[in-house]
Amino acid sequence: MVTMFMCNSIDAVSDRDFVLELLSANSITAVHLSRLGEEWVLWASEEFGFLTPSDSVSTGSSIMPQKKNPDPMELVRGKSARVIGDLVSLLVLCKGLPHAYNRDLQEDKEPVFDSVKTIVGMLEVSAEFAQNVAFNRERIQKALPAGHLDATTLADYLVKKGIPFRTSHDIVGRSVALCVSRNCELQDLSLDELNSLSPVFDKDVYEFLGVENSIKKFRSYGSTGSECVAGQLDYWIDKLNISRES
């Protein structure tokens with residue numbers, strides 16, 4: 001239990017720092033939830049198609065009955081503006097007040113109650129939505145090669161061979177340009193084609209090419225490698241006591 005001591009009675013009755021800190025924390029949380037909501041709304045769109053919300057957390061269109069709109073996360077994204085607005089309201093309320101208590105401070109209650117109520121609702125809705133979506137693994141897998149994601153690991157390969165990164169960057173850039181001209185992926189280039197760009201390339205280069213091989217090369221703590229992400233998932237499953245079947 002933490003006990004707060006106010007060393008000055010005038011300050012004690014006039015500041016609302018403890019409320020501003022609460023509303024600031026709520027606003028930061030709301031921004032994170034809004035960003036997550038934005039991502040899920042995009043992923044649920046026809047253009048991405050990475051996830052499909054269940055009927056319990058989606059609504060149809062008034063014109064297109066086949067649509068499954070992720071309305072809960074759109075609302076979460078919108079509610080973040082309200083939480084941020086509550087913080088701004090209280091900041092503006094406090095900014096022009098002289099010290100000691102002023103009657104203006106009776107206006108601090110509404111933004112506080114609204115902020116807490118709204119952020120709790122946002123958390124509940126986000127959690128419910130997360131438990132009622134299905135990911136389209138085939139669509140995600142198909143989208144991964146776009147943009148030559150393995151270009152980074154190809155540059156790392158050259159660096160491991162003793163090529164300075166600046167030079168490696170140029171070689172990989174020309175390799176990608178060759179792929180673009182041929183409408184293929186880096187892993188589709190023959191060893192002879194790669195050697196025409198740099199004699200350093202050897203057959204072990206293909207261990208660094210392709211989405212799956214590329215991802216496996218990221219092993220540092222907190223990285224996006226498969227093993228690291230699996231470890232992060234295990235940590236949060238245990239931390240939050242989530243059933244592994246859910």
Side-chain angles (χ1 to χ4, degrees), residues 26-84 118-153 176 179-180 183 185-187 209-246:
N26 285 353
S27 296
I28 293 170
T29 302
V31 167
H32 284 297
L33 292 175
S34 179
R35 294 177 65 188
L36 187 63
E38 168 69 5
E39 198 157 81
W40 285 352
V41 168
L42 285 175
W43 286 3
S45 67
E46 187 66 29
E47 291 76 10
F48 283 78
F50 291 168
L51 66 80
T52 302
S54 70
D55 291 342
S56 64
V57 292
S58 62
T59 59
S61 167
S62 58
I63 299 177
M64 296 173 285
Q66 80 279 11
K67 291 196 69 177
K68 299 181 72 172
N69 296 319
D71 281 356
M73 298 314 297
E74 293 182 12
L75 292 171
V76 165
R77 189 176 57 190
K79 290 289 185 182
S80 64
R82 183 168 180 165
V83 177
I84 295 169
T118 304
I119 199 68
V120 168
M122 292 172 66
L123 288 166
E124 291 175 345
V125 168
S126 298
E128 181 71 17
F129 187 87
Q131 296 177 58
N132 288 278
V133 297
F135 289 94
N136 188 337
R137 293 176 180 271
E138 184 178 347
R139 188 77 172 263
I140 295 172
Q141 191 74 28
K142 186 178 180 180
L144 286 175
H148 305 288
L149 295 180
D150 48 358
T152 302
T153 46
V176 171
C179 288
V180 172
N183 192 28
E185 302 298 330
L186 286 167
Q187 62 185 342
L209 298 180
V211 173
E212 292 188 9
N213 287 335
S214 178
I215 291 174
K216 290 177 182 177
K217 297 301 179 182
F218 296 94
R219 302 190 183 97
S220 60
Y221 178 80
S223 72
T224 54
S226 302
E227 293 182 6
C228 297
V229 173
Q232 293 172 44
L233 288 172
D234 287 339
Y235 170 81
W236 285 108
I237 285 172
D238 292 336
K239 182 86 170 175
L240 301 174
N241 296 317
I242 301 174
S243 170
R244 294 180 184 272
E245 297 179 358
S246 60

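Side-chain contact between N213 and T153 is absent, with no heavy-atom pair separated by less than 4.5 Å. For the pair W40 and P70, the minimum side-chain heavy-atom distance is 4.5 Å or more. Looking at L51 and F135, their side chains come closer than 4.5 Å, going by heavy atoms from C-beta outward. Within the 4.5 Å cutoff, the side chain of L33 has no heavy atoms near those of the K79 side chain. Counting heavy atoms from C-beta on, the side chains of E185 and C179 never come closer than 4.5 Å. Looking only at side-chain heavy atoms (C-beta outward), L149 and I215 stay at 4.5 Å or farther from each other. Between E138 and I140, every side-chain heavy-atom pair lies at or beyond the 4.5 Å cut-off.
The one candidate from S58, S54, P72 that meets the side chain to side chain contact (heavy atoms under 4.5 Å, CB included) condition with N132 is S54.
Expressed to the nearest 0.5 Å, how far OH of Y235 lies from CG of L240 amounts to 9.0 Å. Going from atom CG of N69 over to atom OG1 of T59 covers 5.0 Å, rounded to the nearest 0.5 Å. Atom OG of S226 sits about 12.0 Å away from atom NZ of K217, to the nearest 0.5 Å. Taking OG from S223 and CD from Q232, the interatomic distance works out to 7.5 Å, rounded to the nearest 0.5 Å. Note that CG of D71 is 10.0 Å distant from CZ of R77, once rounded to the nearest 0.5 Å. Note that the OG atom of S126 and the CE atom of M73 stand 3.5 Å from one another [nearest 0.5 Å].
Looking at every heavy atom in both residues, L186 comes nearest to V176 through CD2-N, 4.2 Å. When all heavy atoms of S80 and A30 are compared, the closest pair comes out as CB-O, 3.6 Å. In terms of heavy-atom proximity, V133 sits nearest to P53 at CG1-CA, 4.0 Å. Closest approach of I119 to N26, counting heavy atoms only: CD1-O, 3.5 Å. T152 approaches F218 most closely through the heavy-atom pair CG2-CZ, 4.4 Å.
Looking only at distances, a side-chain donor or acceptor of R139 sits under 3.5 Å from a matching main-chain atom of F48.
Under the salt bridge (charged side-chain N to carboxylate O under 4.0 Å, His left out) criterion, R82 pairs with D114, sequence neighbours left out.
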